[in-house]
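Below is one structure, written out as structure tokens, with a few remarks after it.
Numbering of ligands and ligand atoms starts at 1, following listing order.
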Amino acid sequence: MRIDIITIFPDFFNHFFEYSILKKAQEKGKAEIKIHNLRDYSSNKQKSVDDYQFGGGAGMVMNIQPIDDLITKLKLERKYDEVIYMTPDGEKLNQQMCNTLSLHKNIIILCGHYKGVDERARELHITKEISIGDFVLTGGEAATAILSDAVIRLIPGVINDETSALSDSFQDNLLAPPIYTRPSNYNGMKVPEVLLSGNEKLITVWRENEALKRTTKRRPDLLE
Ligand code: ADE
């Protein structure tokens with residue numbers, strides 16, 4: 001999967017993709033990340049990318065010109081499955097969306113800033129608008145990092161143990177059950193006996209039960 005990220009702060013991503021599974025995904029050739037500096041595509045001398053809002057009001061608006069030029073150029077080079085704009089008024093991100101996105105070949109992610117982007121840029125190019133939650137960030141970069149992380153780890157072949165991603169929280173609308181590792185007894189705090197029993201069936205039933213208990217208690221909305 002190729003992810004083209006459009007940003008006015010390319011350095012934000014300098015180290016983000018260099019760790020752990022995100023790094024391995026690239027080494028394995030499963031993910032390719034391209035960061036584009038939107039300023040490079042501004043047609044004016046000052047290389048500005050924003051301007052005052054028509055009709056008045058506080059906050060700057062990102063110009064359509066550099067966004068249109070860059071996305072048009074990218075679209076001439078390859079076909080994109082989605083052109084995503086990260087924005088607090090987008091569809092709320094969930095695991096199901098990440099699953100779907102992880103199966104795509106090429107996506108573009110546009111990071112917004114200031115008040116947001118000129119509406120016409122959205123009409124012209126954006127196929128999907130995503131919010132990471134009901135709060136407002138200073139820009140779309142952190143949201144893009146979160147989306148990319150959640151999607152890349154799901155790309156088939158990225159995580160070795162195929163069942164690992166399937167047992168994540170939310171994957172079946174349930175939170176994940178409690179997990180333990182050695183020692184089995186830590187200062188009297190013991191690991192549930194069933195997990196040491198070696199009985200796979202009993203362990204599966206226990207985990208399902210615990211997942212349901214935890215979800216009922218913490219996130220009953222997931223069960224509706
Ligand atoms: N940009 C600013 N706030 C955001 C949010 N909550 N989700 C996605 N992009 C954003």
- prompt: Where do K75 and E77 land on the salt bridge (Lys or Arg N to Asp or Glu O under 4.0 Å) test, with the steps shown first?
  reply: CA-CA 5 Å; K75 281 176 166 176; E77 291 167 4; over 6 Å; no
query: Quick check: are there more than 12 heavy atoms from other residues, nucleotides or ligands sitting under 6.0 Å from NZ of K28?
result: yes
Contact residues of ligand 1, where a non-hydrogen atom lies under 4.0 Å away: M86, T87, P88, I130, S131, I132, G133, F135, V136, L137, G139, A143
task: Anything under 30° is parallel, anything over 60° is perpendicular, the rest tilted; go ahead and classify H36 against Y41.
output: perpendicular
query: Any link between I64 and I6 through a network of hydrophobic side chains (Ile, Leu, Val, Met, Phe, Trp, Tyr) touching at under 4.5 Å?
result: no
- request: Considering only NZ, NE, NH1 and NH2 on the basic side and carboxylate oxygens on the acidic side, decide whether K213 and E210 come within less than 4.0 Å.
  value: yes
field: Side-chain heavy-atom pair L22, D149 within 4.5 angstrom cut-off
entry: yes
